[in-house]
Each structure stands twice: as C-alpha cells, then as structure tokens.
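Below is one structure, written out as structure tokens; comments come after it.
Lettering follows sequence order; numbering is per chain, from 1.
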There are 2 protein chains.
Amino acid sequence: MASKNREMPDPAFRPHDHSRCRRKVLAAASRHARDQGLRLTPVRRRVLEILLENHRAMGAYEVLERLAREGWGAQPPIAYRALDFLARHGFVHKVRRLNAYVACTRSTHSDPPLLLICRACGRVGEAEGAGISREIGAIAGARGFSVERLGVEALGLCPACAADGGAGA
Amino acid sequence: MASKNREMPDPAFRPHDHSRCRRKVLAAASRHARDQGLRLTPVRRRVLEILLENHRAMGAYEVLERLAREGWGAQPPIAYRALDFLARHGFVHKVRRLNAYVACTRSTHSDPPLLLICRACGRVGEAEGAGISREIGAIAGARGFSVERLGVEALGLCPACAADGGAGA
DNA sequence: GTAGTAATGTTATATTATAACTTGTAATAT
DNA sequence: ATATTACAAGTTATAATATAACATTACTAC
Ligand SMILES: [Zn+2]
Ligand SMILES: [Zn+2]
Ligand SMILES: [Zn+2]
Ligand SMILES: [Zn+2]
C-alpha cells in the first residue's frame, strides 16, 4: 500500500509513456462499463478519449468545441450530458476549483480522490484519498454529520513547475 | 483540543442563541480587520452581516439583491468585490460545490476549514481542518507536489436532517 | 415489428463571473 | 489647505458556465 505509492506514482506529474497510459485507462474503463452494465456510448467514450489526451482538466465548452469539430452536436447539453455520465460513474472527476473535468487515471473508480491541481502547468494529479476520507468522516461524525460525498482539492505546484520556480511549465 | 471540539461544537447544526453568535463573529471580524489594517468598509461589513443572518450559504446574486434593495449598487461587481475581499481574508468561505458563500464562524481566519454542507437544509458548518491539512500536505509532498491552497467540502446530512430521515428541514 | 426506455439533438434561457472604465473617497504629501 | 495618490464603489457591457424543455433517434424487450 505504502509501497504501491512508490511504485505507481501519479503519472500526471512525471514523464511517462502517455499513449500507453491512455490506452490502459481506456481499456479499464471499457471493462468497467461492461461489467457494470453501463453504456459507454460513442460520444461518452469520445469525451473520455479527449480528456485522456493529456493530464489537464478541460472545461465543458472546450470539450464541446472538440466534439462539434468532429461532427457531433454543437450544443452545451451534448458535452454536459456526457461529462455528467462520466463523472457520475467515476470515469472523470469534476474539478470544482476550475469548473472543469479531468479523466480519472486510477484503477478503481470508487472512493473520492485527492485532486492535486498545478497552478502553473494546469495538470491535475490524483492521490488515493481513502485514509483522508475516513478521517474526515470521523471528524464529521463526531458532530453528528454524515458524509455522503467528499471533495478534496489542493492547489499548488507540481514537481516540475516547482523546479521552474513556479513560473509555469 | 479534543475537548474543545466537545465544548465548542459547530453552531451551524445545533440550536443556539444566534443573535449572540452573530454579534460575536462580527465583533471578532472588526477586531481582526483593525489589527491587520484591513478596510472593512460599509458594503463589506454589510455583506458579512447578511451572510451572518443564518448558517446557510448565499449566492453572489442573492447577496446582490439584498444590497440593491438596501440602496447599494445593483451590479454584480458590487457583490463580487465585497465577497472576494471577505473570502481573501478569511471572513467568509466560498463553497465551491454550491457556487456560494458562507460566513466563517471560527475564531481564527487562518487555516482552511473542512466545510460540512447539509444537502437537506442547506446549512453549512465548519470543522478545523488543521490535522487533515497536514496529512494532505504530506501525501502531496510525497509526490513532490507542494500544496498552497486546500479545499475540503463534505456533502451530507446534518444531525437534525438525519433525524428527519433526510427529507429536509 | 411494436412498445417502452434511454440517449442524442436542438432551441432557448438561466446562472455565475469578470473586463474595462468612471466616479467617488480617504489617506498622504507638499 | 491643496495637490497627489491609492484604493474603493459605481456602471456598462459581456463572458463563461450550466440547465430546462421538448423533438428525434437508437437501442431493448417482448
Ligand atoms: Zn498519462
Ligand atoms: Zn505544473
Ligand atoms: Zn449562529
Ligand atoms: Zn440539515
């Protein structure tokens, strides 16, 4: 577990074979969808692919523009519905600080992630938030509050941008 | 510290003398502003007062409507600027999940709070997030990511609404 | 194949937020 | 006291984000 963190660090912030990274995530998503009886339709899959082109978050209208150029519907609901579906089922995360969406790169689409947002290069990484979730649940529980959904977003500098002095990537 | 949690539970979710609650927070804010050389001007103070009327979050336009009715400017920047000022200095918190703002009721306006958002009654409580912040900082740090700003928001049911079966307050 | 259901396409509009510029106000310097 | 400056408030306009409501198409079950 602790060792897993060392062996599989978040790819977002380090050079890696991203074609492979992307294919793996996409394959896992397909599998997950099939197993869960979720309909990963062409638009939905295409939106996921678009988000997987890099580790940045994209706004709904940015996604929409891409879809429109590729011949899909050009109206907001097209993008929002696909993104909502993907987010509901954990294929993507909504980054509330950015009003944008990022593809989930973790193996499990279950518990809420800790999102790491680089303010310089815009890349978004994610860390397992299981331990944090438990702790937050406990703090809330001590106040009689039952947590149903949790969002944890950290804004800061990724390793590469920190090395640059925070000026940007 | 743990005892403080028992003695000073978040007021948002329990019956309390809210006039007193509000006055205390407002007085503390005035003091803080004076000490820090911050200009808590009439509009800014009024916005804080409005948010302090209850423990719910208000949207910028909701606040603006109130200001307008009271003779202040009726344009969005009036509200947004006051809210931005108050948020920058920790007098209020932006609740990103709701695109809304809630008055800070804690004694210190420094570290980031854990926001507890009741989906039934809309009230927003806050818990000290210092421990969580440290832990998140550590997890991020292990990935070379340096956290500058942190947002933690939990959506769920407050004690009162949980007793109601989650139907609403 | 028909009926029912879910997804997509389209139109219109609601909601949230900011840019850019003007006017007023209060502290500072001369 | 008056000029200078900096910051805040007011105004106009528009940008960016998101959803409601309804028409059409595609898939599923029978
Ligand atoms: Zn990758
Ligand atoms: Zn970066
Ligand atoms: Zn109160
Ligand atoms: Zn409640």
Using atom types as modelled, flag every donor-acceptor pair under 3.5 Å from a side chain in residues 39-47 of chain B to any protein atom, sequence neighbours excluded.
unit_1, atom_1, unit_2, atom_2, d
R44(B), NH1, R39(B), O, 2.7
R45(B), NH2, S30(B), OG, 2.2
R46(B), NE, E70(B), OE1, 2.8
R46(B), NH1, E49(B), OE1, 2.7
R46(B), NH2, E70(B), OE2, 3.0

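Rounded to a whole Å, the CZ atom of F85(A) is 19 Å from the P atom of dA18(D). One interatomic measurement links the two molecules: CG of L67(A) to C1' of dA7(C), which rounds to 15 Å at whole-angstrom precision. Between L83(A) atom CG and dT17(D) atom P the separation is 12 Å, expressed in whole Å. Remark: C1' of dA18(D) and CZ of R96(A) are 12 Å apart, rounded to the nearest angstrom. Distance, R45(A) CZ to dA7(C) P: 16 Å, rounded to whole Å. Atom pair L98(B):CG and dA18(D):C1' shows a separation of 15 Å (rounding to whole Å applied). Separating the CG atom of L38(A) from the P atom of dA6(C) is a distance of 13 Å, rounded to the nearest angstrom. Here dT16(C) presents its P atom at 19 Å from CD1 of I78(B), a figure rounded to the nearest Å.
Among dA17(C), dA18(D), dT8(C), the nucleotide with an atom closest to any side-chain atom of R44(A) is dT8(C). Distances were taken from every side-chain heavy atom of V43(B) (C-beta onward) to each of dT18(C), dA18(D), dA9(D); the shortest belongs to dA9(D).
Between dG9(C) and Q75(A), no contact under 4.0 Å exists linking OP1 or OP2 to a side-chain N or O. For K94(A) and dT17(D), the shortest distance from a side-chain N or O to OP1 or OP2 is not below 4.0 Å. Within the 4.0 Å cut-off from OP1 or OP2 of dA16(D), not a single side-chain nitrogen or oxygen of N99(A) is found.
Between H55(B) and H18(B), the distance separating the two ring centers is shorter than 6.0 angstrom.
For the pair Y80(B)/F85(B), no side-chain contact is recorded, criterion being any heavy-atom separation below 4.5 Å from C-beta on. Using a 4.5 Å cut-off on side-chain heavy atoms (C-beta onward), P159(A) and R14(A) make no contact. In this structure, the side chains of L157(B) and C118(B) come closer than 4.5 Å at one or more pairs of heavy atoms. Between L64(A) and P76(A), some side-chain heavy-atom pair lies under the 4.5 Å cut-off.
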Heavy-atom contacts, protein to nucleotides 21-30 of chain D, under 4.0 Å, summarised as B (base), S (sugar-phosphate only) or - (none) per nt, yield B-----S---
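At a threshold of 4.0 angstrom between heavy atoms, the contacts of Y61(A) include nucleobase atoms, whether or not backbone atoms are also involved.
Between the side chains of Q36(A) and H89(A), no donor N or O sits under 3.5 Å from an acceptor N or O.
Comment: E53(B) engages R66(B) in a salt bridge, judged by a side-chain N to carboxylate O separation of less than 4.0 angstrom. By the 4.0 Å N-to-carboxylate-O rule, R106(A) lies close enough to D111(A) to be salt-bridged with it.
Comparing G71(B) and P76(B) against DNA chain D, the residue whose closest nucleotide sits nearer the 5' end is G71(B).
A side-chain donor-acceptor contact under 3.5 Å links E153(B) to the backbone of R96(B).
Direction change of the helix axis from one end of the helix from dG1(C)-dC30(D) to dT30(C)-dA1(D) to the other is 30°, with five pairs defining each end axis (rounded to 10°).
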